[in-house]
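The structure appears right after this line, and notes come after that.
Naming convention: chains lettered A, B, ... in sequence-line order (proteins, then strands); numbering from 1 in each chain.
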Amino acid sequence: MTQNQELATRFEELAALMEIVGANTFRVSAIRKVARILEDLDVDITTIAHDTKELKAIDGIGDGSATKIQQWCERGSFDDLDQLREDVPEGLIDLLSISGLGPKTVGRLWREADVTDRATLKAAIDDGRLANLPRMGAKTIANINEALEFAQQHADRTPLGVAMPLAESLVEQLLQVKGVSSIQYAGSLRRGCETIGDIDLLAVTEHPEALVAAFTDEAHTLKVLARGDTKASIRHALGVQVDLRIVEADAVGGALLYFTGSKEHNVLLRERARSRTTRLNEYGLFPDDGDDTPPQQRGIAPIAAATEDEIYTALELPFHPPELREARDDITNEPADDLIVRADIGSDLHTHTTASDGVLSIEELVDEARRRGYHTLAITDHSPSQPQANGLSIDRLLKHIKAIAQVAANHQDICVLAGTEVDILSDGRLDYPDDVLSQLDLVVASPHAALRQDSNAATERLVRAASHPLVHIIGHPTGRMIGRRPGLEPNMKVVAEAAADHRTALEINANPRRLDLGDKHVRIAIESGAMIAINTDAHTAEHFDFLRYGILTGRRGGLTAPRCINTWANDTLMDWLKTSV
DNA sequence: CTTCTGCAGAAGAGCGTGTTACGACACGC
């Protein structure tokens, strides 16, 4: 973990502990805000911590947080955190992640029933201690018990690659229900986050009862959590919670905006609304007449509600695509208007055949690429250091180049490039000699082993590879696997600057288990002037469809079409391949 | 805890749903 992330985690921990002991909610959210700032900060916090003025110049960091940051940099912890860690059992923080348990309840369970972690919670349920507490009825206890069991069996977040196909199939099924005129997913899924907490579906229908019934009866429903007139929630067999909200057609924009989030973006929008004597809620933007009763309940007509665009316009803000609603920039900043879209992509430059560990032949890969309308496809099998992936020896590679050339000769409508995914060894050297690499049209260089080396070594390793004159693309630069391993933690700014200097592209590997570069790295890479590639690393035909995840990640990082080499026409691409330095 | 307006003190997003006890509270987004 980088220093900034490490410290951000400490601030998150502090916020959770403060909540449990019942601190003022605004103090808690101020601490959470600092955690977010630290995560997004593009300079190493330890390098500026000594300068109190510079720290406090960051919006959201004041006296209190500056002191905490400085203490942490000096001794790896800070007073307020130490004190709360002493007072509060650490297992309680974990309980907050269990659905239905919030800070108030967890605090009570601890003070009134000696609950300190999952095990003691389970014991307190089983021996009936919980039932003795006020406001702990049979239903509440049963819900906690089920949520606890569910949490033991499932990860608390679902990978994008699982959630999106599931959401799409639910949308398709529910569209068949009589009376449904529209249904779409919102939430972190629509924003293209790499993992999803739960799936939010937003529907317009003439028969809400029928839709709620169809939704809660869905064959893969494990449990119905809520079932109202306008809202229902289920736990799906795949381990995800799915929420359905039914809204009026003329308020879809307000609802979509609200349920898409992020929460922080919503707060900014609502603050903006308030500063203009209006109020924004999930029913739209309303005039603020000082009456506390929600305006839609008093028959007040909204200023804007039907579309998101209308609401942004009424707030005199630029439209923000869902992927850019993370509150990372000033909300009045105009997002790029040429943010990359799927239709921009004309090539896939990282794919595998049966020669290494893919399941398709060269010809079959070409068919898949043609079907998607690509003008260029690069075949990039593994190098010898990946014996488990059947990496190609030099001899096999040379023969493979000829085989690729033969297939290429049979296709006039697509340019098929002979390439490699050559291993970046732990010291930054490559797994093939230069005289072999120089015979290839395209070289993707990727780290596969030694993914736990320290940050400095990782930076040097990637800089060396990015600076190699024969390397065109650094494939999945960190080697991370989401939810499984963190991968390399290089100083991405330094790597990206080297890549920019040598006109080497950094890949967004679109495999949803990787998404590597991740959105934050994409942003750093772009700010450093590096070019980006979006490749699927396809090993099967279905993998070509991973492209969408790569696009979402690119958009979250602010990637515009011209910056992405896969949007270039074939001749531009070929010029670049030949003149890389 | 931080920011902002005015230098000390206020303000900080807003709502539906479920549970429990019939108005209040906690939760989650």
Margin query: Do A/Thr307 and A/Asp309 pair up side chain to side chain, a donor and an acceptor below 3.5 Å, judged on atom types alone?
Written below: no
Notebook entry, point to check: Side chains of A/Thr478 and A/Asp516: do they bring a donor and an acceptor to under 3.5 Å?
Noted result: yes
Check: Between B/dA13, B/dC29, B/dT20, which one does the side chain of A/Val267 approach most closely?
Finding: B/dA13
Next item on the list: Using a heavy-atom cut-off of under 4.0 Å over every strand shown, decide if A/Leu268 touches base, sugar-phosphate, or nothing.
Entry: nothing
Check: Looking at B/dG16, B/dA13, B/dT19, which one has an atom nearest to any side-chain atom of A/Tyr283?
Finding: B/dG16
Next item on the list: Using the C1' atoms only, state how far B/dT17 lies from B/dG23, rounded to an integer number of Å.
Entry: 16 Å
Checklist line | Same-atom distance (P) from B/dT20 to B/dC27, integer angstrom | finding: 13 Å
Checklist line | Distance-only donor-acceptor test, A/Tyr258 side-chain atoms vs B/dC29 base atoms, 3.5 Å | finding: yes
Item checked: Residue of the set A/Ile246, A/Leu244, A/Val247 for which side-chain contact (heavy atoms from CB on, under 4.5 Å) holds with A/Leu202 -> A/Val247
Notebook entry, point to check: Does the ring of A/Phe78 carry A/Arg10 above it, NZ/CZ under 6.0 angstrom from centre and within 45° of its axis?
Noted result: no
Next item on the list: Would you mind classifying the nucleic acid contact of A/Arg32 as base, sugar-phosphate or nothing, using non-hydrogen atoms under 4.0 angstrom?
Entry: nothing
Note to self: Let's see if you can work this out: which of B/dT20, B/dG14, B/dG16 has an atom nearest to the side-chain heavy atoms of A/Arg274?
What the structure shows: B/dG14
Item checked: Worked check of side-chain hydrogen bond (donor to acceptor under 3.5 Å, both in side chains) between A/Ser233 and A/Asp243 -> CA-CA 4 Å; A/Ser233 294; A/Asp243 297 339; 2.7 Å; yes
Check: Does OP1 or OP2 of B/dA13 have a side-chain N or O of A/Arg270 closer than 4.0 Å?
Finding: no
Margin query: Using whole Å, what does the distance between atom C1' of nucleotide B/dG18 and atom CZ of A/Arg245 come to?
Written below: 13 Å
Margin query: Please give the distance between the C1' atoms of B/dT2 and B/dC7 as a whole number of Å.
Written below: 16 Å
Checklist line | First of A/Ser65 and A/Asn266 reached from the 5' end of DNA chain B, by closest nucleotide | finding: A/Ser65
Checklist line | 5'-most by nearest nucleotide on DNA chain B - A/Asn143 or A/Gly100 | finding: A/Asn143
Next item on the list: Could you tell me the separation between the CG atom of A/Asn281 and the C1' atom of B/dT17, rounded to a whole number of Å?
Entry: 16 Å
Checklist line | Residue pair A/Leu121 / A/Ile125, side-chain heavy-atom distance below 4.5 Å | finding: yes
Next item on the list: Please work out if A/Ala138 contacts a base, only the sugar-phosphate, or nothing of the nucleic acid, heavy-atom cut-off 4.0 Å.
Entry: sugar-phosphate
Next item on the list: Let me know the distance between CG of A/Asn24 and P of B/dA10, rounded to the nearest Å.
Entry: 14 Å
Check: Among B/dG14, B/dT19, B/dT3, which is the nearest nucleotide to the side chain of A/Arg279?
Finding: B/dG14
Checklist line | Protein-nucleotide distance (A/Leu244, atom CG; B/dG16, atom P), rounded to Å | finding: 16 Å
Next item on the list: Mind telling me whether A/Tyr312 and A/Phe319 have parallel, tilted or perpendicular rings, with 30° and 60° as the class edges?
Entry: perpendicular
Check: B/dG18 and B/dC22: how far apart are their C1' atoms, nearest whole angstrom?
Finding: 14 Å
Item checked: Pairwise side-chain contact, A/Lys178 with A/Glu206, heavy-atom cut-off 4.5 Å (strictly under) -> no
Next item on the list: Find the distance A/Leu95:CG to B/dC27:P and express it as a whole number of Å.
Entry: 12 Å
Margin query: Within the 4.0 Å heavy-atom criterion, would you say A/Lys56 contacts the bases, only the backbone, or no part of the nucleic acid?
Written below: nothing
Item checked: From B/dC29, B/dG18, B/dC1, nucleotide with atom closest to A/Asp80 side chain -> B/dC1
Next item on the list: Quickly work out the A/Phe259 CZ to B/dC15 P distance and round it to whole Å.
Entry: 12 Å
Checklist line | Gap in Å between the two P atoms, one belonging to B/dC25 and one to B/dA21, rounded | finding: 13 Å
Item checked: Between B/dA10 and B/dG6 - C1' atom distance, rounded Å -> 12 Å
Check: Now, which nucleotide makes the Watson-Crick or G-U wobble pair with B/dT5, with each of the two distances under 3.5 Å?
Finding: B/dA8
Check: Can you find a side chain N or O atom of A/Gln297 that sits less than 4.0 Å from OP1 or OP2 on B/dG16?
Finding: yes
Notebook entry, point to check: Base, sugar-phosphate, or nothing: which does A/Leu101 touch, judged by heavy atoms less than 4.0 Å apart?
Noted result: sugar-phosphate
Check: Among the nucleotides B/dG16, B/dA13, B/dT17, which one has an atom lying closest to any side-chain atom of A/Gln296?
Finding: B/dG16
Margin query: Checking contacts here: which listed nucleotide (B/dC15, B/dA26, B/dA13) is nearest the side-chain heavy atoms of A/Pro294?
Written below: B/dC15
Notebook entry, point to check: Which part of the nucleic acid, if any, lies within reach of A/Lys139 when heavy atoms closer than 4.0 Å are counted: base, sugar-phosphate only, or nothing?
Noted result: sugar-phosphate
Check: How far, in whole Å, is B/dA11 from B/dG16 if one measures between their C1' atoms?
Finding: 25 Å
Notebook entry, point to check: Base, sugar-phosphate alone, or nothing: which one does A/Ser99 contact when heavy atoms must sit under 4.0 Å apart?
Noted result: sugar-phosphate
Checklist line | N/O (side chain, A/Lys231) to phosphate O (OP1/OP2, B/dC15) under 4.0 Å | finding: no
Check: Roughly how far apart, to the nearest Å, are B/dT5 and B/dG14 at atom C1'?
Finding: 25 Å
Next item on the list: Round to a whole Å and report the spacing from CG of A/Asp291 to P of B/dC15.
Entry: 11 Å
Item checked: Between P of B/dG28 and CD1 of A/Ile196, the distance in whole Å -> 18 Å
Margin query: What's the closest nucleotide to the side chain of A/Asp59 if the choices are B/dT20, B/dT2, B/dT3?
Written below: B/dT3
Check: How is A/Gly261 classified with respect to the nucleic acid when contacts are heavy atoms under 4.0 Å: base, sugar-phosphate, or nothing?
Finding: nothing
Checklist line | Proximity to the side chain of A/Thr140 - top-ranked nucleotide from B/dC1, B/dC15, B/dT20 | finding: B/dT20
Checklist line | Any donor-acceptor N or O pair under 3.5 Å, side chains A/Asp79, A/Gln71 | finding: yes
Margin query: Counting only side-chain nitrogens and oxygens, does A/Thr230 get under 4.0 Å of the OP1 or OP2 atom of B/dT17?
Written below: yes
